[in-house]
Novice: 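Structure in structure tokens, see below.
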Amino acid sequence: MLRKCDQKQQFLLPLNLEDFVPENHIARVLNDIVDVVDITVIESTYSKEGCPAYHPKPLLKILLYGYLIGIRSSRKPQQMTQTDTAFMYLAAMQKPDFHTICRFRSTHLGPIKEIFSQVVTFCKEMDMIGSSISIDGTKVKANASSRQSKSSDALEKEIDKILKESIETDKHEDEIYGDSTPYHIPEELVDRKKRLEKIKAAKKKLDEEKLKKINITDNDARIMKHKDGSKKPSYNCQVAKHTLGYKPTIVLADAGYFSYGNLEFLQEEGIDAYIPDNFYKAEKEGKTRKFRKSLFTYDEEKDCYYCPAAFEIPFTRIQKRKGEPDLRFYVCSYCSQCVLKNACTMSEKRTITRDPREHLMENMRAKLNTEKGTEKYQKRMSTVEPVFGQIKQDRGFREFLLRGKRKTGIEFVMMCTVHNIKKMADFIKREGKNLKGMLKMIVGGGSKGWSKGGIRARITNTLC
Ligand code: SF4
């Protein structure tokens, strides 16, 4: 026996859009969140006159939902509003064309960033965020070809080439048209002119910022080495919860964030930091070729080092540095008679340098070497590192769609917003919470005294 199948059947009851998506579908979570975010900044840009525009909320919903499922173009969501029930539900059965979606995104890039902050605040109010923050970064390819990254000389050569070609074309045109004017400028000339303008702008930026190379298509992108060894024009995207509105108690970050300036700042702020230096891992794993510096003991009182052969290494000289404290040098005089020399140095005398802030690194290493320190630092692996895996693998975010620092920054914020929405969806499912009820409490002021205005004011103050 087969089930009846009739494509011409008539509905007897009116359709309910909510029936388009299952109860626990992530589109519903996204829908409920966007329903309560404050978009007065976006709404204020709409005119009361003329033809009614699409409401910004459905546009925002389909745009964010697209990012959530790995669709970032404007044309695909247009199609999906006609074929995909989740898109139909979010768009409230409206069918904005891709021009409208694209224009909405580019016009409201700024406020979209504020929406990210509001979502973070919701997460915080739902007690999903602790006072410990993990910081990390990942490289994402720019929307530009590597071949368009050029040095100053290469740019000058290309400018000369285009100018020569333009002179040739002008001559050719003069021969054909004489003193009369053709009714349109040839396309190749328009293209050449546009390219010349682009190259000149790139050259200007390269000179101003004293860069070695610049990408003509996206001037803000920089050539970066990726994990697979390839070099591509890219952006380095940093992830941390910097819109919390309060100071974290713990900060976890990898060696890329180690600097004496950072450690000093965190110490002054009373934040418990776990950040190894660049050589910490190699030294710990014994991967250094010669005796590592940590085998030499510094004596603060005598201002000298003691080497592994127990010889005293006295302070010898300083080296002046621009914008940094003087670097102190300690040179050993016993190396020529030492049996450990081959394992210690290839030079005649072993030299140890010391930055006056080096105690910060030593204290950090000591802290990381404790059981508690190792355990805390390991937490990074389960907090911030999977974020990039999910964003890149699950949502296919391996290359930017937009160009320029501002636009790519916002595009990344959108990816982070949908990542947090997914986190919220997982949280309410795991904890069996009622999202609508919780959001109502938060924006209605029922949670810890928050009010809608309160959230906005606080977010505006904490935007980076
Ligand atoms: S080579 Fe020099 S610095 Fe190294 S262990 Fe021997 S005496 Fe000490």
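Whatever order the structure lists them in is the order used to number ligands and atoms, beginning at 1. Numbers here are sequence positions counted from 1.
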Novice: Ion pair present between Asp394 and Lys422, side-chain N to carboxylate O less than 4.0 angstrom?
Specialist: no

Novice: I'd like to know whether the aromatic ring centres of Phe315 and Phe329 sit less than 6.0 Å apart in this structure.
Specialist: no

Novice: Strictly below 4.0 Å, N to O, side chains only: are Arg328 and Asp303 in salt-bridge contact?
Specialist: yes

Novice: Below 4.0 angstrom, N of the basic side chain to O of the carboxylate: do Lys405 and Asp218 qualify?
Specialist: no

Novice: Looking at Ala309, which atoms of ligand 1 are within less than 4.0 Å of one of its heavy atoms?
Specialist: 5 (S)

Novice: Would you say Cys338 has an N, O or S atom lying under 2.8 Å from atom 6 (Fe) of ligand 1?
Specialist: yes

Novice: Measure from the ring center of Phe87 to the ring center of Tyr65 and say whether it is less than 6.0 Å.
Specialist: yes

Novice: Please could you name the atoms of ligand 1 that Lys341 approaches to less than 4.0 Å, counting only its heavy atoms?
Specialist: 1 (S)

Novice: May I ask you to decide whether Glu358 forms a salt bridge with Arg365, counting only side-chain N to carboxylate O separations under 4.0 Å?
Specialist: no

Novice: Counting only heavy atoms closer than 4.0 Å, does ligand 1 sit against the backbone of Cys335, its side chain, both, or neither?
Specialist: both

Novice: Could you pull out, from Glu312, Glu348, Arg350, the option with a heavy atom nearest to atom 3 (S) of ligand 1?
Specialist: Arg350

Novice: Of the protein's non-hydrogen atoms, which lies at the shortest distance from atom 4 (Fe) of ligand 1, and what is that distance?
Specialist: Cys344 SG, 2.4 Å

Novice: What are the atoms of ligand 1, with element, lying closer than 4.0 Å to any heavy atom of Cys307?
Specialist: 3 (S), 5 (S), 7 (S), 8 (Fe)

